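So the structure is just underneath, and the comments pick up after that.
To find a chain, count down the sequence lines: A is the first, B the second, and so on, and within it residues start at 1. Predicted, not measured: the structure shown is a model, and the values here were computed from it.
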There are 2 protein chains.
Amino acid sequence: MTDDDRVFKALADPSRRFLLDLLFARDGRTLTELESELEMTRFGVAKHLRVLEEAGLVVVRRSGREKLHYLNSVPIRQIHDRWIDKFTEQHITALIDLKRTLEEES
Amino acid sequence: MTDDDRVFKALADPSRRFLLDLLFARDGRTLTELESELEMTRFGVAKHLRVLEEAGLVVVRRSGREKLHYLNSVPIRQIHDRWIDKFTEQHITALIDLKRTLEEES
DNA sequence: TTGACAGGTGACCAAATGGTCACATAACTT
DNA sequence: AAGTTATGTGACCATTTGGTCACCTGTCAA
């Protein structure tokens, strides 16, 4: 599996996207803290976090018996630049066409 | 399942992303034409195209016995604007911090 | 009109996924 | 030291997913 694929697959689950939203709002949370926000047991949440971690979207720091989870947006940026951008960018030719159309109207 | 979720799930499979790449390069292809580019039977490709269609990423036009497939990038743009952008945008405060740092150095 | 060609349907299957639980370990607290 | 707290592991299960196939329908061409 490629890196990109791991990221796309990690983003494909709504619970995982919700976890990223939570970490976006505030970083460095523990598993139990995150667990309290989802309707799911600790084990389910831990599995999702692991998928996110393997995709590089979450990075982890151990502190005593706690595990702190941090958001890493680099992989999202990468699939954005390498793939999504291509489909979302305005095609310059279309803009030129529009410009010509507008000029002809006036 | 939400619209966004359908799109994320549709993008989660590499064969489907490849199909979108093909349609990006050239639109309006038939099923058999697309099939010839993948190492998969017609049935597999048809299933993938259906998932893409249900996510709104591909739109279809019938012409005689052929089915022509067109790319629609609007849903990609939507998840970009509604979700991805939030994680990829440069945080203005970080830029301000950097600016201050640079100014203090000189 | 008789093939050949493009596509659709439903059954089927193996593997992956999303989730649970019993149990275990390590680290704090008192 | 004993209890509580935070997390990890592996087994297990139901459902979904990705893919195939046999068979069918509709359309074009000779």
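- Here the P atom of nucleotide dG19(D) and the CZ atom of Phe18(B) are 13 Å apart, to the nearest Å.
- Atom CZ in Arg42(B) sits roughly 12 Å away from atom C1' in dT25(D) (whole-Å rounding).
- In this structure, Asp5(A) places its CG atom 14 Å from C1' of dT17(C), rounding to the nearest Å.
- Rounded to an integer number of Å, the gap from CD of Glu35(A) to P of dA6(D) is 10 Å.
- In this structure, the side chain of Arg16(B) engages the main chain of Ala10(B) through a donor-acceptor pair within 3.5 Å.
- As judged by a 4.0 angstrom heavy-atom cut-off over every strand, Gly64(A) is placed among residues touching the sugar-phosphate backbone only.
- In this model, the phosphate group of dT7(D) is not approached by any side-chain N or O of Arg62(A) to a distance below 4.0 Å at OP1 or OP2.
- A donor-acceptor pair is defined here as one N or O able to donate and one able to accept, closer than 3.5 Å; such a pair exists between the side chain of Asn72(B) and the backbone of Gly56(B).
- Contacts between residues 49-61 of chain A and DNA chain C, counted as heavy-atom distances below 4.0 Å, involve no residue at all.
- Residues Ser15(B) and Leu38(B) meet the side-chain proximity criterion, which asks for heavy atoms closer than 4.5 Å.
- OP1 or OP2 of dA6(D) has not a single side-chain nitrogen or oxygen of Thr30(A) nearer than 4.0 Å.
- Contact between the side-chain N/O atoms of Thr41(A) and the OP1/OP2 oxygens of dT20(C) is found at a separation under 4.0 Å.
- Following rounding to the nearest Å, Met40(B) (CE) and dG18(D) (C1') show an atom-to-atom distance of 8 Å.
- In this structure, Arg6(A) places its CZ atom 15 Å from C1' of dA16(C), rounding to the nearest Å.
- Phosphate contact (OP1/OP2 of dT17(D), side-chain N/O of His48(B), threshold under 4.0 Å): absent.
- The CZ-P distance, from Arg16(A) to dA16(C), rounds to 15 Å in whole Å.
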Inset, instruction - Evaluate the side chain to side chain contact (heavy atoms under 4.5 Å, CB included) criterion for residues Leu57(A) and Leu71(A): first the C-alpha distance (whole Å), next the side-chain angles of each, then the deciding distance (0.1 Å), finally the verdict. - result: CA-CA 6 Å; Leu57(A) 289 161; Leu71(A) 179 65; 5.6 Å; no
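- Distances from the side chain of Leu31(B) to the nucleotides dC23(C), dG7(C), dT20(D) place dG7(C) closest.
- Residues Leu68(A) and Lys9(A) each lie close to DNA chain D; by heavy-atom proximity, the contact nearer the 5' end of the strand is made by Leu68(A).
- A close approach under 4.0 Å does not occur between any side-chain nitrogen or oxygen of Thr32(A) and OP1 or OP2 of dT5(D).
- For the ring pair (Phe, Tyr, Trp, His ring centres under 6.0 Å) test, residues two or more places apart in sequence or in another chain that qualify with His80(A) are His80(B).
- Ser63(B) contributes no side-chain N or O that, together with a main-chain N or O of Glu66(B), makes up a donor-acceptor pair within less than 3.5 Å.
- One finds no side-chain N or O of Lys47(A) lying less than 4.0 angstrom from the OP1 or OP2 phosphate oxygen of dT9(D).
- Atoms NZ (Lys67(A)) and P (dA6(D)) sit 15 Å apart, rounded to a whole Å.
- Looking only at side-chain heavy atoms (C-beta outward), Lys67(B) and Leu31(B) stay at 4.5 Å or farther from each other.
- Mapping Arg65(B) and Asp13(B) onto DNA chain D by nearest heavy atom places Asp13(B) closer to the 5' end of the strand.
- Ion pair Lys9(B)/Asp5(B) flagged as a salt bridge, since at least one NZ, NE, NH1 or NH2 atom sits closer than 4.0 Å to an Asp/Glu carboxylate oxygen.
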